[in-house]
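To start, the structure under review is shown below, and the notes come after it.
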Amino acid sequence: MASLRDIQTRITSTKKTSQITKAMQMVSASKLSRAESNAKSFVPYMDKIQEVVASIALGSKDVTHPMLVSRPVKKTGYLVITSDRGLAGAYNSSILRSVYKQIQERHTSKDEYVVIAVGRVGRDFFRMRGIEAIDSVTGLPDQPSFADVKEIVRKTVDLFSEGAYDELFMYYSHFVNAIQQDVTMKKVLPLTDIESTGGSLSSYEFEPSAEEILEVLLPQYAESLIYGALLDGKASEHAARMTAMQNATDNAKELIRSLTLQYNRARQAAITQEITEIVGGAAALES
Amino acid sequence: MKTFNVNIVTPDGPVVDTNVELVSAKAQSGELGIMAGHVPMVAPLQIGAVRLVTGGKQSELVAISGGFLEVRPDQVTILAQAAEKAESIDIARAKEAQLRAEQLLQSKQDHVDFKRAELALKRAVNRVNVYEGKL
């Protein structure tokens, strides 16, 4: 049996750990609520842009744009959205597992795909496997504003236009609620599956022309798809971290409970032993 | 005069939601003025100021960094990547950005992305102008 002092040390250190995890949990909880409200304030923009894109792209069949056309796929781009730090349970590993599986299933050689990594964990994961991301961002703030991600988002869309890849998939964690986040795969480019949001496709006048509007509109639309996924991913990250830290705190409490029990048992045993020794000694003197 | 609803939305949230008599914006094909009852229209915007004229002679300037304008019978929506009202512009930052962009443009080095620097300069100048109430 471990000595009293050993058990005492373990209890103290576990207590300290649980204080830290508890604090991290609360931090994540407040970040989550901010991230959720950010994601919410993005919704009107996304809805609106979707509506306009749908009404132009679906409304006038004769207009076309490179981003709307599927071309033969020689190279596939994967945009992988992960976090910079760990301690978020299975958040990163489940995203990376699903991307990696997909890549291995689809491609036989490294020339067939490129990876763009958001977040340090994702970048390092691919680097470890000998895949250098063609572009990566790390150190995104917890509440990214559009200006923060503009660069990577624009570059991702530009690379498609320049022909660096012929299709672009995006992997991120979709925030369902605080305890559920689903890994989601979305095809961003080419924009073949534009959903029409409402039945009323208004017929617009285009100033100067539909083509020129698509020229501005489609990159902006693709960019906002990616930005939306980033916001979604951030919310999921905080939620995952919150749940992970909650579990850690609970486990620490359980550990402390059982250690305290052990400690008390050991203490009692020591007392009993001492009494037995005293009584034994006294009895030996008497006789 | 008849008024209509104007919405300016950015990825970071709605910026403006008011009723106005006239919206004047700089589209890529030139200046546009929109009043109530305009034909439904979509037009890409330049980096520039949007003037919202409310009752009488009162007007408000909003700095817009690209994006486009959508006109519906009852509503005008401007979707921009960034939009700020005059009072919420960080003037120090805008001036700093202007200086930086000017220096970049003057440096005449090969590695400088001139197109990007020019756009940055345009955005900065636009912010400064809107802040100072010039159009």
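Just so you know, these numbers come straight off a predicted model, no measurement behind them. A, B, ... follow the sequence lines: proteins, then strands. Residue 1 opens every chain.
- Neither the backbone nor the side chain of A:Glu215 comes within contact range of chain B; no heavy atoms are under 4.5 Å apart.
- B:Gln81 and B:Arg123 are not linked by any side-chain donor-acceptor pair at a separation below 3.5 angstrom, with hydrogens and angles left out of the test.
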Original post:
Step by step, would you call A:Arg154 with A:Glu223 a side-chain contact (heavy atoms from CB on, under 4.5 Å)?
Top reply: CA-CA 6 Å; A:Arg154 184 159 299 161; A:Glu223 283 167 15; 3.8 Å; yes
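- With respect to chain A, the highest number of heavy-atom pairs below 4.5 Å among B:Gly30, B:Pro14, B:Ser29 belongs to B:Ser29.
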**OP:** Determine, stepwise, if the pair A:Glu36 / A:Lys40 fulfils salt bridge (charged side-chain N to carboxylate O under 4.0 Å, His left out).
**Re:** CA-CA 6 Å; A:Glu36 260 187 291; A:Lys40 225 170 256 160; 5.1 Å; no
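- With a 4.5 angstrom heavy-atom cutoff, B:Val39 touches chain A only via side-chain atoms.
- A:Arg85 forms no cation-pi arrangement with A:Tyr91, by the criterion of a distance under 6.0 Å to the ring centre and an angle within 45° of the ring axis.
- Interface remark: A:Ser145 contributes backbone and side-chain atoms alike to the contact with chain B (heavy atom separation under 4.5 Å).
- One side chain, A:Tyr227 or B:Asp12, offers a donor N or O that lies under 3.5 Å from an acceptor on the other.
- Identified by a heavy-atom distance below 4.5 Å to chain A, contributing residues of residues 16-23 of chain B are lacking entirely.
- Between the side chain of B:Gln46 and the main chain of B:Ala27, a donor-acceptor pair closer than 3.5 Å is present.
- With a 4.5 angstrom heavy-atom cutoff, B:Thr10 touches chain A only via backbone atoms.
- At distances below 3.5 Å, not a single donor-acceptor pair connects side-chain atoms of A:Ser236 with backbone N or O atoms of A:Asp182.
- With hydrogens and angles ignored, the 3.5 Å screen pairs no side-chain donor or acceptor of B:Ser59 with any backbone N or O of B:Val53.
- The distance from the CD1 atom of A:Ile81 to the CD atom of A:Glu237 is 11.5 Å, given to the nearest 0.5 Å.
- Below 30°, between 30° and 60°, or above 60°: for A:Tyr45 and A:Phe42 the angle between ring planes is between 30° and 60°, a tilted geometry.
- When the candidates A:Asn38, A:Val216, A:Val43 are compared by the number of heavy-atom contacts under 4.5 Å with chain B, A:Val216 comes out ahead.
- Comparing B:Val71, B:Val42, B:Thr77 by heavy-atom pairs within less than 4.5 Å of chain A, the highest count is held by B:Val42.
- In this structure, the portion of A:Lys150 lying under 4.5 Å from any heavy atom of chain B is its side chain and not its backbone.
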